Amino acid sequence: MSSIPLSAFLLTALLLFCIGLYGALTKRNAVIVLISIELMLNAVNLNLVAFAKYGVGASIRGQVFSLFTITVAAAEAAVGLAILIALYRNRATVNVDEMNTLKK
Amino acid sequence: MNGELLVFLFLFLVTITGGLLMINLSKVIHMVMALVLTFLGIAGLYVMLSAEFVAVVQVLIYSGAITIIMLFGIMLTKHTEEEPKTSWAKKGIVLTVITAFFFIVFKGIRTMSLGPQADKLHENNTEQVGLMLFTDYVIPFELVSVVLLVALVGAIILAKKDEEGEEQ
Amino acid sequence: MDVVWLIPILPLLSFLIILFTRPNLYRKAGIVGTIFTGAAFGCALLVLFSNFAEGNQLVEANWFSIDSVVLTVGVEVNPLNALMLVIVTLVSFLVHMYSIGYMANDERIATFFGYLGLFTFAMTGLVLSPNLLQLYVFWELVGVCSFLLVGFYFYKPEAKAAAKKAFIVTRIGDIGLLVAIFLLFWQTGSFELDVIFESVLAGDITPSMVTLIAILIFIGAVGKSGQFPLHTWLPDAMEGPTPVSALIHAATMVAAGVYLVAVMYPLFSSSETAMTTVAITGGFTAIFAATIALVQRDIKRILAYSTISQLGYMMLALGAAGYTAGIFHLTTHAFFKALLFLAAGSVIHAVHEQDIFKMGGLRKQLPITAALCLIGCLSISGFPLLAGFFSKDEILASTYADGRYVLFTMALLTAFLTAFYMFRLYFLVFAGNESSKAKESSRIMLIPMFILGVLSVVGGYIQTAWFGTFLGDWLETSPYPITVDHPTAPIWLPISAILLSLAGIGLAWMYAKKLRYGERLNPVHRLLFHKYYIDEFYRVTIVKGTRVIGYFWMYFDRFIIEGGAQALIGLVKRMARAGSDIQSGQVQTYGTVAFSGLVVVLLLIAVIGGYF
């Protein structure tokens with residue numbers, strides 16, 4: 001039995017999520033934005049695993065789900081980076097401020 | 001103050017410090033390294049949550065694979081030494097919003113307690129995960145493998161040099 | 001009668017056929033249109049007679065339903081719209097026939113007949129509508145046709161401007177009608193006329209609401225029928241071809257406003273204020289337009305102001321509870337005003353001139369046109385035993401019986417003015433020395449005029465004090481609660497009306513003579529001269545006054561309204577610029593905004609949910 005309360009883990013996850021979000025919304029470097037998104041995903045994973053132990057009807061399922069999330073996150077990282085490189089080849093920049101084709 | 005709490009505090013500090021460093025460091029490579037710290041801290045937290053298998057996967061995938069991908073991404077693109085600065089106004093707005101979000105959610109999770117802990121998770125954790133994965137979740141498992149494959153192919157196609165695009 | 005639905009379909013078919021085979025048909029388009037509208041007229045007659053025999057009829061089909069509200073389309077036949085159908089199809093048929101001759105040299109003759117067909121379809125559809133929604137659809141459709149036909153000579157800038165003006169000014173009125181329809185639907189949950197009248201009579205709608213709705217509907221009628229203050233489009237609409245003026249701007253579409261008030265009569269009659277508004281607007285418009293008609297030089301504009309004046313007369317009748325009188329005058333007016341317009345068209349066709357001061361002595365060159373025009377003028381002036389005499393008397397009697405003596409005096413005065421300006425026109429155009437060469441119009445143009453001429457003579461006998469009040473009794477069989485009373489006027493009333501119209505005719509004769517020969521003053525001409533000063537007086541007060549007011553409003557418009565509009569435009573532009581600046585295309589900005597939204601929602605939940 002663990003003496004650490006659930007809220008301690010949730011707080012950790014929340015902090016990580018906030019940091020990741022801040023990075024994703026303010027950083028100019030596209031690579032860092034991608035990394036920040038990974039951080040947010042990790043925060044979510046941490047929540048999943050924490051609920052697997054402490055949640056209502058706690059069971060191993062939470063951990064299995066976190067595995068799925070990790071897989072998807074890995075796929076996302078790969079595709080994200082591929083897009084980044086394709087973009088870099090066309091625009092010669094990784095600055096998200098300059099990636100505003102959406103405006104036109 | 002028992003040992004468990006000490007370990008938790010240590011891992012907590014490692015994780016958060018890694019995150020904060022990532023935000024504040026100026027060189028991109030350093031940021032990624034700070035991120036490795038966070039990933040490892042999280043892996044430790046997984047172990048504390050009796051999820052050894054997930055912890056190992058975390059180290060393998062995040063600290064290993066994703067970090068390497070990110071490093072490749074950095075190496076394949078050109079970076080100015082200094083991370084370009086974002087305006088203070090924008091940072092301020094984002095910070096305010098996120099702080100508000102933090103406090104609202106914090107208010108909710110501060111006293112959260114959802115009944116008894118699961119106490120069998122650490123016994124043959126990998127076996128349990130494997131059983132669940134190959135019985136109840138075998139179809140999602142296969143689907144996820146397809147997703148990975150698609151992502152792989154997609155990533156290759158996207159990153160491949162587009163000859164016609166070059167000419168245009 | 002089963003042929004009811006054919007009446008709108010036939011002109012529509014004519015429109016479609018002409019539309020799709022226009023290049024091949026060319027001049028034959030007129031024949032196609034005439035045949036189809038003639039068939040529609042035949043159907044309308046059948047419907048009219050079957051209404052005598054079998055009574056009213058209502059056929060409806062569900063169009064679509066929203067929840068429990070079922071919207072229907074259908075056709076309805078009651079005395080009022082059976083009569084309207086006959087008028088519309090008859091005038092349309094005659095105008096089609098007339099146009100074959102009148103438009104013979106026009107390049108776009110096929111287009112013209114196509115538009116006429118579309119208009120006839122819209123107008124008959126409007127008349128047949130058993131619910132307000134359908135009515136409104138056709139109401140707008142006739143507006144569109146009017147726009148197309150007024151702007152038929154679109155290469156003339158005046159015609160283009162007039163078409164736009166006609167469209168925009170009537171649209172102002174249409175907004176009133178639309179709001180009224182919405183209010184009625186809100187109050188009764190239905191567009192059906194019978195449901196609406198039931199709940200009005202049952203007192204389900206508060207009296208003030210009834211008044212509001214009635215006045216809004218009346219605003220729609222004011223726009224369509226060219227009543228003061230929305231009358232300005234009608235004279236300008238004379239830029240269209242003359243047959244169009246006869247059909248749309250004299251006999252049918254402008255009468256749609258009067259028809260609307262007549263259709264909604266149960267609603268109007270339950271509000272004293274609304275009735276008074278209608279009567280006062282009508283009475284004022286009648287005399288107002290008549291005075292303007294005194295000084296006009298353009299033959300078609302005189303007729304246009306005359307139309308406005310006569311429509312005001314009908315409104316006055318309806319407002320003074322003279323339901324029969326209003327409808328009666330609508331009918332006779334359709335005949336003699338269409339006749340006058342066609343006669344004017346015939347004159348214009350012959351001399352290519354619209355200024356009556358440049359015409360003269362055409363009686364000898366255009367004997368038939370002159371005779372028919374004389375019949376029209378006599379009829380509209382209320383010359384005894386012609387159609388206009390009976391309907392005008394009916395209106396005067398109703399107004400007198402209603403007890404609004406100021407309006408009655410105005411109506412009487414208008415009758416006098418009408419006689420004067422109509423005969424001023426007649427004498428200036430047809431009497432006097434021959435001043436221009438002209439050839440009588442072809443037979444195809446004279447036949448419709450002749451038919452209308454006959455109707456202008458005999459059309460009045462459907463409702464007379466001597467032979468029985470057939471029209472009133474028949475209109476009373478309407479399915480809707482309409483009170484038709486038969487006002488009995490004192491004997492001096494028709495006599496004074498006759499004397500006034502004769503005085504008007506005589507005065508016009510002297511006026512024309514004086515103008516023609518430039519005779520010096522003598523005792524008889526003194527009166528004429530006096531009249532002349534009244535002309536000048538009106539010119540100074542109305543034209544100059546209007547111009548002063550016009551300048552005031554122009555500057556008001558230019559500096560205050562336009563300035564306001566510019567400020568508004570600037571504001572909107574600035575807002576748009578700010579908005580487009582927000583749309584930076586940067587995902588992070590979007591993310592921030594989206595997340596801020598989430599936080600706001602969370603905050604709301606936290607506060608409302610008693611989280612804090």
Side-chain angles (χ1 to χ4, degrees), chain A residues 1-12 14-16 18-23 25-29 31-32 34-35 38-39 42 46 49-50 52-56 58-61 63-64 66-68 70-75 77-79 81-86 88-90 94-95, chain B residues 2 4-5 8 12 15-16 19-20 22-23 28 31-32 35 38-39 42 45-46 49-51 54 57 61 65-66 69-70 73-74 76-77 83-84 86 90-91 94-95 98 102 105-106 109-110 112-115 117-119 121 128-129 132-133 137 140 144 147-148 151-152 154-155 158-159:
Chain A
M1 291 293 282
S2 172
S3 58
I4 313 291
L6 169 67
S7 48
F9 290 100
L10 293 183
L11 178 64
T12 318
L14 178 61
L15 273 171
L16 276 180
C18 287
I19 291 168
L21 189 64
Y22 178 78
L25 291 183
T26 58
K27 289 296 169 186
R28 290 254 179 103
N29 191 324
V31 180
I32 303 303
L34 276 181
I35 288 174
E38 293 299 330
L39 206 59
N42 257 289
L46 187 56
V49 177
K53 191 169 170 68
Y54 295 95
V56 182
S59 77
I60 198 80
R61 279 170 211 276
Q63 294 187 11
V64 173
S66 74
L67 285 175
F68 286 139
I70 288 171
T71 325
V72 173
V79 176
L81 216 64
I83 292 173
L84 186 69
I85 285 171
Y88 178 74
R89 197 179 300 133
N90 285 330
V94 285
N95 190 343
Chain B
N2 55 12
E4 196 179 19
L5 190 61
F8 176 77
F12 176 79
T15 312
I16 300 302
L20 289 175
M22 191 213 81
I23 293 298
V28 187
M31 290 176 170
V32 179
L35 197 69
T38 308
F39 288 157
I42 291 171
L45 287 174
Y46 286 163
L49 288 165
S50 24
V54 181
V57 170
I61 305 288
I66 289 183
I69 289 182
M70 290 300 167
I74 290 160
L76 288 174
T77 53
E83 156 85 350
T86 313
K90 191 177 167 188
K91 276 186 183 170
V94 173
L95 205 60
I98 290 177
F102 176 82
V105 179
F106 180 69
I109 62 174
R110 200 163 51 98
M112 184 179 258
S113 180
L114 298 169
Q117 309 179 7
D119 48 1
L121 291 182
Q128 285 190 49
V129 170
M132 187 61 85
L133 211 51
Y137 290 102
V144 160
V147 167
L148 264 183
L152 185 69
L158 278 171

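As the structure is a prediction and not an experimental result, all values here were calculated from the model. Chain A is the first sequence line, chain B the second, and so forth, proteins listed ahead of strands; every chain is numbered from 1.
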Report task. Compare all side-chain heavy atoms of B:Met132 with those of A:Gln63 and state whether any distance is below 4.5 angstrom. Result -> no

Query - Nearest-0.5 Å distance, CD1 of residue B:Ile98 to CD1 of residue A:Ile19 - result: 10.0 Å

Report task. State, without any angle test, whether B:Ser50 and A:Lys53 hold a side-chain donor-acceptor pair at a distance under 3.5 Å. Result -> yes

Report summary line: To the nearest 0.5 Å, atom CD1 of A:Ile35 lies from atom CE of B:Met31 at 8.0 Å

Query raised in the report: If you take all heavy atoms of B:Gly19 and A:Leu39, which pair is closest and at what distance?
Result: CA-CD2, 4.4 Å

Query - Segment of B:Ile16 engaging chain A (4.5 angstrom heavy-atom cut-off) - result: both

Report summary line: So, the part of A:Thr12 with a heavy atom under 4.5 Å from chain B: the answer is both

Query raised in the report: Side chain, backbone, both or neither: which part of A:Leu6 has an atom under 4.5 Å from a heavy atom of chain B?
Result: side chain

Query - Under 3.5 Å: donor-acceptor pair, side chain of B:Lys91, backbone of A:Thr26 - result: no

Query raised in the report: Any idea which of A:Leu16, A:Ile60, A:Leu34 has the most non-hydrogen atom pairs under 4.5 angstrom with chain B?
Result: A:Ile60

Query raised in the report: Run the side-chain contact (heavy atoms from CB on, under 4.5 Å) check on B:Leu45 and A:Val49 step by step: do they pass?
Result: CA-CA 9 Å; B:Leu45 287 174; A:Val49 177; over 6 Å; no

Query raised in the report: Who among B:Leu133, B:Leu95, B:Ile66 has the most heavy-atom pairs with chain A under 4.5 Å?
Result: B:Ile66

**Report entry** Heavy-atom proximity to chain A below 4.5 Å, by part of B:Leu35
**Finding:** side chain

Report summary line: Nearest heavy-atom contact between A:Ala75 and B:Ala151 is CB-CB, 3.5 Å

Report task. Identify the residue among B:Tyr46, B:Phe8, B:Phe12 that makes a ring-ring contact (aromatic ring centres under 6.0 Å, His included) with A:Phe9. Result -> B:Phe8

Report summary line: Counting heavy-atom pairs under 4.5 angstrom with chain B, the leader among A:Leu11, A:Leu84, A:Val72 is A:Leu11

Report task. Drop me the distance from A:Glu38's CD to B:Ile61's CD1, to the nearest 0.5 angstrom. Result -> 11.0 Å

Query raised in the report: Given a strict heavy-atom distance threshold of 4.5 Å, which part of B:Leu76 is in contact with chain A: side chain, backbone, both, or neither?
Result: both

Query raised in the report: Using non-hydrogen atoms only, which part of A:Leu21 is less than 4.5 Å away from chain B: side chain, backbone, both, or neither?
Result: both

Query raised in the report: Does any heavy atom of chain A fall under 4.5 Å from the side chain of B:Tyr137, the backbone, both, or neither of them?
Result: both

Query raised in the report: How far apart are the C-alpha atoms of B:Ile23 and A:Tyr22, what are their side-chain angles, what is the distance that settles it, and do they pass the side-chain contact (heavy atoms from CB on, under 4.5 Å) test?
Result: CA-CA 8 Å; B:Ile23 293 298; A:Tyr22 178 78; 3.7 Å; yes

Query raised in the report: Once you round to the nearest 0.5 Å, how far does CE of B:Met22 lie from NZ of A:Lys27?
Result: 7.0 Å

Query raised in the report: Heavy-atom distance under 4.5 Å to chain A: side chain of B:Ala65, backbone, both or neither?
Result: neither

Query raised in the report: Side chains of A:Asn42 and B:Phe39: does their closest heavy-atom pair fall under 4.5 Å?
Result: yes

Query raised in the report: Does any heavy atom of chain A fall under 4.5 Å from the side chain of B:Leu152, the backbone, both, or neither of them?
Result: neither

Query - Verdict with reasoning, A:Leu15 to B:Phe106, per side-chain contact (heavy atoms from CB on, under 4.5 Å) - result: CA-CA 10 Å; A:Leu15 273 171; B:Phe106 180 69; over 6 Å; no

Query raised in the report: So do the side chains of B:Leu158 and A:Ile85 get within less than 4.5 Å of each other, counting heavy atoms only?
Result: no

Query raised in the report: Run the side-chain contact (heavy atoms from CB on, under 4.5 Å) check on B:Val147 and A:Thr71 step by step: do they pass?
Result: CA-CA 9 Å; B:Val147 167; A:Thr71 325; over 6 Å; no

Query raised in the report: What part of A:Leu67 gets closer than 4.5 Å to chain B, counting heavy atoms only: side chain, backbone, both or neither?
Result: side chain

Requested in this report: For chain A, find which of B:Val129, B:Val32, B:Thr38 contributes the most heavy-atom pairs closer than 4.5 angstrom.
Outcome: B:Val129

Requested in this report: With rounding to the nearest 0.5 Å, note down the distance linking CG in A:Leu46 to OG1 in B:Thr15.
Outcome: 7.5 Å

Report summary line: Looking only at A:Cys18, A:Ala86, A:Gly23, the option with the highest number of non-hydrogen pairs under 4.5 Å against chain B is A:Cys18

